[in-house]
Structure formats: C-alpha cells, structure tokens
Enquirer: 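Below you will find the structure I want to go over with you.
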Amino acid sequence: MEGKEKKPEQSVKNKSQISRRSLFGTTAAVAGAGVLASNLTDPIVRSAYAAGSDAPIRIGFQVHRTGIGATYGKWYERTTNAAAKYINEHGGMGGRPVEIVPEDDGTDPKRGADVVEKFATQHKVDFVYGTLFSHVVMGSSPRAGELKIPYFVVSEGYHVASGALNRYVFQPCITDVRSQISAMSGWIFNNLGKKMTLIYPDYAFGYNHRDYASAAAEKHGAKISAKLAIPPTASSFTRYFAKIPKDTEVIYHVMVGPGVLTFVREMGEHFGSNRPEIFGFIDSLEGVALDSPGLDFLNGTYFWEAMPRYADGYPTHGEKVYRNAVGVDANGASKSDSKDVSTYSHMFGCWETLFAIKEAVEQSGYRDKRDYANLIETFEGFQGFNEGIAHPQGSKMFSGKSHQCYGQQFISKVENSKFDVVHRTSIEDGYYEPETDYTKLPL
Amino acid sequence: MLVWFEDNVALLFLALLDGTVTAFVLALIALGLSLVFGVMRVVNVAHGEFFMLGAVLAWACFHFTGNMPLLGFLLALIVAPVLVGGLAMLSDRFILHRIQYNPESTIVATIGLLYIIQQLVLSFFGPEARPVEAPIYFRVQFPWFGYSGYKLIVAVLSGFLLLVTWFLMVRSKLGLYMRATQQDAEIAQTFGVPTRSVYSKVFAIGAGLAALAGVLVVPIRQADYLMGLEPLLLSFIVVIIGGLGSLRGTLVAAFIVGISDGFISVFYEPTLAKMLATVLVAAVLIVKPTGLFGEEPG
Amino acid sequence: MNRRSPKKTAVLMAGVLLLLFVLQFILPAYHHSTFSKIMVLASYAMGFNILLGYTGLMSLGHAMFFSTGMYATGISVYHFGYTGIPALGIGVLCTVLVSMLLGLVALRTSGVSFLIVTLMFGQAVFLSILYFDQFTLGQDGFTLTKELEPLVLGNASYSYTDPTFKYNAAWFLFALSLVITNILIISPIGRVLIAIRENEERTQMLGYNTYLYKLFAMTLSGALSGLAGSVHALLFSYVGATFAEIHHSIAPLLWTLLGGVGTTLGPLLGTGIMHYLIDFTSGWTSAYLLIVGAILVLLVIGAPQGLMGLVRQKRLPWLP
C-alpha cells in the first residue's frame, strides 16, 4: 500500500500554476483556453474514492498486435502497460487500481467491432481504449455507441472531430491531422517554399492531408503544384517522382506502411543532390532507425514530430519520467535493444489518454457503468490538460463539442541522421473552430 | 505529336525503364508458380509466402554477417533457396502427397500453409519492415532523373536466372523428366520416370525460385511478413494471361503486364493499372480461355 | 445422395430454426450478439456453399459479392438517403448483376483457372472500392449510425441496431437461406447442378446446357452472399473495404470446409466454430492465423468432407 501514500503529484496543479507555467502567452489568445481542466484534484472528491470499492477499473485495450498496425501496436501496448503501472503505483484511479484487458483486433475493422462487443458484454470492462488505425476506429465506433460504452481512441484521424462518429467516442490526447497541418503550414510556406507538391497515401488519412494542406496553401498565398496520391499497395515509387513539377520548391510527403523506406530511398535516387526542400510527416519513419540503409538522403530535410524522438528535443521533467517509464533510451529506441525504435510521436497518446481517463473518473465520481452519463458530461466539460508527467507531450486544449484535443507540434531537421528540433508551434497555431457538437446528441 | 513527345520524353523513358525492370522481376516470381502448375497441375497459393521467406532470410543473412551487404547477399543466395526449397519439399511430402495433388485440396492446403508461414514469421521476426542494404549500390544519373543501379542489376540477374531455368529444362535429366511428367504423368511413370520425386523436386525448385526472387528484390524494398500477397496476385495475373503452365507464356505475359503497368502508372494512375490488368485477364479469357500460350487441359 | 428422407430433413431443419429462435431468450448478452453475427455470416457461407458444395465450383472471390451487396446498400443509405428495405433491394439487384456478369466471363474457365479468375476479380472489386473513394470513402469506409432510419412496420418502428431486432433479422435471413438451399437441392435444377459437380461432361452429353446451369448457380450464390452483405451493413452499421479483402473470400471457404461441403447445415456449424475458436483463443494467443492455417491443412488431409459430412458418413446417411 506504499503507493497509496504517495499522492500523485503529476496532475496536482491549480489554475494559477497552469496559466503561469505553460499557457500564458501562448494560448491566452484562444478563447476559453484560459482555464484548463479546472479542479483537477479536488480533495473532497478524491477522498470519496479512497473510501469506495477497491475493485479495479477495467480498461479494454483494443490493440493492433497483428496486421499492418502491428509495429505501432507493440509500442502502444508497452506504453499502455507502463502508464497503467505508473498510475497504479501512484494511487490508481480514484483509489482503485487500473487493470488493462488487451484484445488483438488484427488491425481489422471487422474484428474491431467484435472486440468492442467482447469488451462490453463479456469482459465487462469500464471503458474501451487505445485504437490507432482510423478504419478500425470507423468500424468499431458504431458498436461502442450502441452499447453506450465510452471509447477513447489514439488515432490522429480527423474522424472524431468531423462529427462522423458518436457521443461515446473521444480523442482527448492526440491532435488530429487537420490541426497538425494548420499548425505547421505557415512555417513551411514561410521557410521552405511557396510552391508545394503533395505526396500522400490514397485513402482517407491521405485525403485529410491533401484537403487541409490545400486549404492552408490558399490561406498563406502559396501554390500547390501537384497532388500525388499513392495507393496503399504500391511497392515502387520511382514513377511518381517523375510527376513532380520542375518548379516545385518544397515536397510535402506523408506515407505509412511497409513501403516508406523504399519511398525515401527512391526519392533520393531520383533527385540526387539536386533536390527541392522536403518536409515529411514522421508517420513515414515511426519505428524506423534514421541510420537505416538508404536514409542518408534525408539529411537536411524536415519532419513533423508530435513529440521529439531524441531526448534533447524537449527536455522537460514530465518527458523524462515518461521516457524512462516506457523504457525508451535517449535516441528513441528500446532501452534493451537499440535497434528497436519506438513510435514516439504517437504512443504518448496512450499514456496521456489513460491519465485523462483517470481525471474524468476522479472528477465525475465514477463508480460503475451507471455513471457513464456523468463521466461523459464531465469529460465534455474539460477544457484541456496541463503539461506534466500525465501529459508529457505538452499541454492540451480540449473541445467538449468535438471530443478532440489540440496540442503543440514540433518541426525537426535531420542532421547527421538524427532529429534536431528547429521549431515548436503553439497550441493556437493548430486551432480551428469545432465543426460538430456531440453534446447535442442523446446519451 | 512531336511536341508531346518532346515534353514527355522523360516520362516515356521512365515508363519503359521501370516497366522493363518490373517485367523481369515479375517473370522470375511467376516462373516458379508456372513451373509447378505445368508439371504438377496444382496451384501453390503459398508461393508469395515463399517469396517473403526469401526476403526475410536475406535480412537474416545480412544481419548474421554483421551487416556486410555483399557477403550477406551471397550467403542469402545459397541459404534462402535451400531452406525454402527444403520447406517446400517437406510440405510436399507431408501435405500435398497425402491429398494426391487434388487441385482444389491443394489450393486449400496451401492457403493453410500461407497462414501458418505468415504467423510464424510474425511471431519470430516481428511486424516491422526491415531494410536490407543492397550488395552493390550506385546511382545512375540520366539527363532527367536518377535511377537505382541495383534495380538494373536485379533485372539482369532475373534474366540470367530465367535463362538458367530454361537451360535446365531443356538440357538436364531432371528437365527431361519434368517435361515428360508435364505431358502425361502416368505414361512417364511407366517409362521409368520417378514422378513422385520429380513432383517433390519441382515443388522445391518452384519455391526456391520464389525465394531467390525475394532475396533479389529485398534491397529495393524491405522484408515484412505481409509482403507476399502482392507478388502472388501479380503472378496469378501473369500465368493466367500467359497460359497456365507455359513458361514462354509466362515470360511474354510478364512483359505485357510489366510494361503496360509502367506506362499506365506513369501517365495515368497505378491503381488504374492494376484494375486494367484484371480487365485484360478477362479479355484474354473471353478470346482464349486457356491463356495466350496455354494448351487445352488434357 | 439417394438415401434422402424429406420428412426427417424437414423435422431437422425446423428443429434447428426453432432452437436458434428460442436461444435468443436464453443467451447472455455477449453470445446473443455473437449469434446474430454468426447467423449473418453463415448465410454468406451458405451462398458460397451453393457454388462449391452443390455445383463443384470453388470460388476465391466471394467477398466481391458480399461487398457489392454491402456497398450498394450502404451507399444507397449514406449518400442517397434510402431507408433500409429499398436499400436492401438495391443491394441484391446489384449483386445479381455483378455475379451474372462475372459468371459470363469466369465460367468460360474451369477448375484451377476458375479459382484464380474469381480471386483476381475479387481483388479488382477491392481495388475499385479504394479507387472510387468519393463514394466508398476508401479504406476507412463509413458508418450508417446517423443516416439509417428505423424500420417502420405498420405502427411499430424498429431500430436496426436494437439487439432483439438484430437477432431476429439475422435469424430470418438465415432461415431464408436455409430454405432456399433445401428447396434448391430437391428441385430439378439442383439435381442437374449436383450432376455437374459429379461429372460435367456426362451431364453435358445428357443434353443439358451446363453453362446456363452453372450461370444460374453462380447468380444465386452471389445473390445470397450479397444479401448477407446488405443485411450485415444494416445490422452492424459499418461499411468498409475490409469486407472485400481476399481474407474475407477465404473465410466462407474455411467455414464451409470445416462444417461440411455440400451439407445444408455445415456452413452454420463451421462459421460458429471458427468464430468461437478465434474468440476463445484470443485470450491466450494472438497467433490465430496459425490456428486457421492448421485447421485448413488438417481438414484437407484428414476430413475433407467436414464435420457434417462425417456425421452423414457415419451416422445419418439421409442428412441433406
């Protein structure tokens, strides 16, 4: 019971500390962001829990152990287990321990829906959580809505904020593609060039990039020279590079899946030393070592990172604790195997989401599923989260209407096969008005 | 027309170059499948997985030799076909032989094999796509763009392997046995051809060729446990257009598919190229159900 | 085939249907919902079985029928605001068209070529779904939660996602497929199909146009599979490219082989066992592909007739 005596220090912050420490000046301009997750640690609420049941809070973890998402899934699982361990060692959720119940979904929407079903009616978990791939989120969320079980995803798709899902689905701790692009486009157009060619995967995730990058170009008076969609089955990319117009000043690329290394290498072969500026999304290189064969071409190009892979990129106390707890070394690889590179710009979402659930449980006085309505309304009342151990990636602003958060982004330059952070966006750089209002849907 | 040509000479050249490389690789991958069908009259759905195993073993050799690309590559050229061929021989003995090479049962059994291999590779190799360094690497600079020198080497090596296979078919004793078995297994047997061991060897050679293709191709892409499906489907397209069991057909069809894929991808869209390849198959079947060079099934 | 017993068959079928109907009052929530899904998927496998089990044609592209039904219905609801029943009709109509067209081409081949051709067309449908993403929303697919109006029958209104409605709709679909299959195999057409399965050349020599019969079987098989896809879209509110993937074509093959090729109840049994097996083993391993693979291999080596086939062989020779 040693753990219980240590009060969880990570989220104990009152309002004044919040605005002083991380938000004043950066987000003050954003309406409503001034008060973040008010009353995070109301002592009365907290003690009410300590007296309550000691039965664990069970969280169903929909994990991509097999299928195309397996690399991410492996790290999502490690991060989730680390977060659960940390929470349990520091008093649990409202005094109750957390129990993670993992189920493989095969990165398949069919199985995803079955897994949600199994969580809700067989395992009888309290919440479902942890999905990354957007098609699995699409396939699973109708069932979560029907079963009326809160479903927290870590997917960075725009599907939640677009209003396509339902009131039970939240994405509280990882920003969506639209926000990422809005946040960074200004910097890209001002620093790298105003004539851009977009290269993106030929499915919904890629279309988000296409549409929001085009919109951003218009806003910044820049021009999209060409839009190249690459089908997910592609294994050779040379033919696409031939279509890049000569006047292109900057290439914007976002690729996922096993073909990304080939993509980068063939881009290098195509251009040689005579290349335009290149800006890529880290999704292309998640889980991949920068010193892999053929990647030297990337030296001098830029990448978006949600959270810097190298420890010196964003050296805060929370990040240090988090990195250590998950077992990642200073270069972003597993402590036990330096070849095993993490998916550092995505997996923090798992850690943070569990802490967000913890906040919601504690603030709403959640005991069991009869309190779902209360928990959801409490969650929708959140305005954000503070940077700290619970939120090592940085502070977040949260919209109860769209169930989606906004956060800061990093732009890194590749130097000597290593990422160097060159720019950090503010939260309001990535802010857009929510276009949906889930709170109007019935519970 | 001439203006168009001048504007697009770079694209035309790329389409032809990329298409030719694709065609050679495709021919090599499809060759094993075609050989197995020709002699044994069965379709091996796990063919793509043998290709994947070749790629994975190439990675293992690359790693085993302490990341020395050339040494790893040479080692893989021996290890991969031998191991994969051995595995194929075992599956022939313990599975295919038991179901007496019934065409449909074989398909079901090799689907089973496909899943088993995939799962084992996932469990022991992991889900990551792992890169393998090319044994010889240089960049060829054309007036308009650069191209991987290793890709050109792959095309040449594929062509060489195709020649070797053809030579074995024509000149060696096994080749003679194979052709005899292909024409009529029963008659061949009465003339003293050990059809059972011929089957076993052919299945192993087919798998070994797929593994070799995997070793050659892996430096241009990566090894990952799901990489087998695409080459399988492409091989199917090639052998159906060329005619099941016809080596000449396989080669011709690989060039038709590869080059048209190059042109459609460069000038239109790659997904369209894949869909059109399927339509092409339909067209061939309507005109000639046995494929371009196929014979009527006996 | 000749030891049929229509009376026993009728009693058995009625018994199975009654049992499935009554189960909904007993099953706990999880199994209640799992059974709904199994009945829909079993109907898909039954459509497949008409072609494989009663005509002797093995297809590796049946997901194209399932997904055609699913997408036609889903798109009608999502983009054009149709209600469930007309959308279902559109789904079936589209699958009938697609399966007839495919039959016209693919039936020119036989045996292994037929198999590869169906596989490739299945892949072409999958690629088309990715390609025409303005309608299909690509890989992600779409949900029907908001767009689908409840079903109005007289004064009552039923939500498609209500568990009781879902179970009974699935049961109704399953019953329909079961009745159609049973009628088919005792009908003159069914007898010709079985004759084709046993020996096509001989059937041809007896004066039957086997091409037309096979085309009929293909269309019926496709239509039933498509219907299952349409119903799946309505009851489970999700339409996605995963239902067009090659694995979804292999699935009914596996279920049918396991349950028993050419038996009317085999597909249900196979679907149920596989679903529960994967579900059950997922607790201690995620290596379920290994299980699927091993079952396939063991089946063809040890029991190609499947479970119901074994029962028929050993105990109940009259089993349809």
Enquirer: Specify the closest pair of heavy atoms between A:Phe271 and B:Arg139, including all atoms of both residues, with the distance to one decimal.
Expert: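 Where A:Phe271 meets B:Arg139 most closely, the heavy atoms are C-NH2, 3.3 Å.
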Enquirer: What part of B:Pro219 gets within 4.5 angstrom of chain A, counting heavy atoms only: side chain, backbone, both, or neither?
Expert: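 Contact with chain A involves the backbone of B:Pro219 alone.
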Enquirer: Heavy-atom count around A:Asp337 CG within 6.0 Å, excluding the residue itself: above 12?
Expert: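 More than 12 heavy atoms, drawn from other residues, nucleotides or ligands, come within 6.0 Å of this atom.
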Enquirer: Which atoms of A:Lys246 come close to chain B, meaning under 4.5 Å heavy atom to heavy atom: side chain ones, backbone ones, both, or neither?
Expert: neither
Enquirer: Do B:Tyr137 and A:Glu269 have a side chain donor and acceptor closer than 3.5 Å?
Expert: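 Result is yes, a qualifying pair exists.
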Enquirer: Are there over 12 heavy-atom neighbours, none belonging to B:Phe142, within less than 6.0 Å of that residue's CZ?
Expert: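 Yes, CZ of B:Phe142 has more than 12 neighbouring heavy atoms, counting only those of other groups under 6.0 Å.
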Enquirer: One pair to check against side-chain contact (heavy atoms from CB on, under 4.5 Å): A:Ser236 and B:Asp18. What are the steps and the verdict?
Expert: CA-CA 9 Å; A:Ser236 168; B:Asp18 220 31; 4.0 Å; yes
Enquirer: Any heavy-atom pair between the side chains of A:Glu266 and B:Lys151 that's under 4.5 Å?
Expert: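 SC-SC contact between B:Lys151 and A:Glu266 confirmed.
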Enquirer: Against chain B, label A:Asp340 side chain, backbone, both or neither, depending on which of its atoms sit under 4.5 Å from a heavy atom there.
Expert: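 Only the side chain of A:Asp340 comes within 4.5 Å of chain B.
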Enquirer: With only heavy atoms counted, which part of A:Tyr240 is less than 4.5 Å from chain B, the side chain, the backbone, both or neither?
Expert: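 The side chain, not the backbone.
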Enquirer: Return yes when atom NZ of A:Lys339 has more than 12 non-hydrogen atoms of other residues, nucleotides or ligands closer than 6.0 Å, and no otherwise.
Expert: no
Enquirer: Which of the residues B:Arg221, B:Glu133, B:Gln222 is involved in the greatest number of heavy-atom pairs with chain A at under 4.5 angstrom?
Expert: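 Looking at each option in turn, the highest pair count goes to B:Gln222.
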Enquirer: Could you give the distance from CZ (B:Arg130) to CG (A:Leu261), rounded to the nearest 0.5 Å?
Expert: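 Rounded to the nearest 0.5 Å, the CZ-CG separation comes to 12.0 Å.
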Enquirer: Might you confirm whether atom CZ of B:Phe64 has over 12 heavy atoms from other residues, nucleotides or ligands at distances under 6.0 Å?
Expert: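 At most 12 heavy atoms, drawn from other residues, nucleotides or ligands, come within 6.0 Å of this atom.
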Enquirer: To the nearest 0.5 Å, tell me how far B:Leu11 CG sits from A:Lys243 NZ.
Expert: 8.5 Å
Enquirer: Flag the pair A:Val288 / B:Glu128 as yes when at least one side-chain heavy-atom distance between them is below 4.5 Å, and no otherwise.
Expert: no
Enquirer: Taking all non-hydrogen atoms of both residues, which atom of B:Ile220 and which atom of A:Thr262 are closest, and how far apart?
Expert: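 Nearest heavy atoms, B:Ile220 then A:Thr262: O-CG2, 2.8 Å.
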Enquirer: Could you pull out the closest heavy-atom pair between A:Thr66 and B:Tyr225, with the gap in Å?
Expert: C-OH, 3.7 Å
Enquirer: How close do A:Ala242 and B:Leu14 get, counting heavy atoms only, and between which atoms?
Expert: CB-CD2, 3.2 Å
Enquirer: Contact between A:Arg239 and B:Ile264 at the side-chain level, heavy atoms closer than 4.5 Å - yes or no?
Expert: no
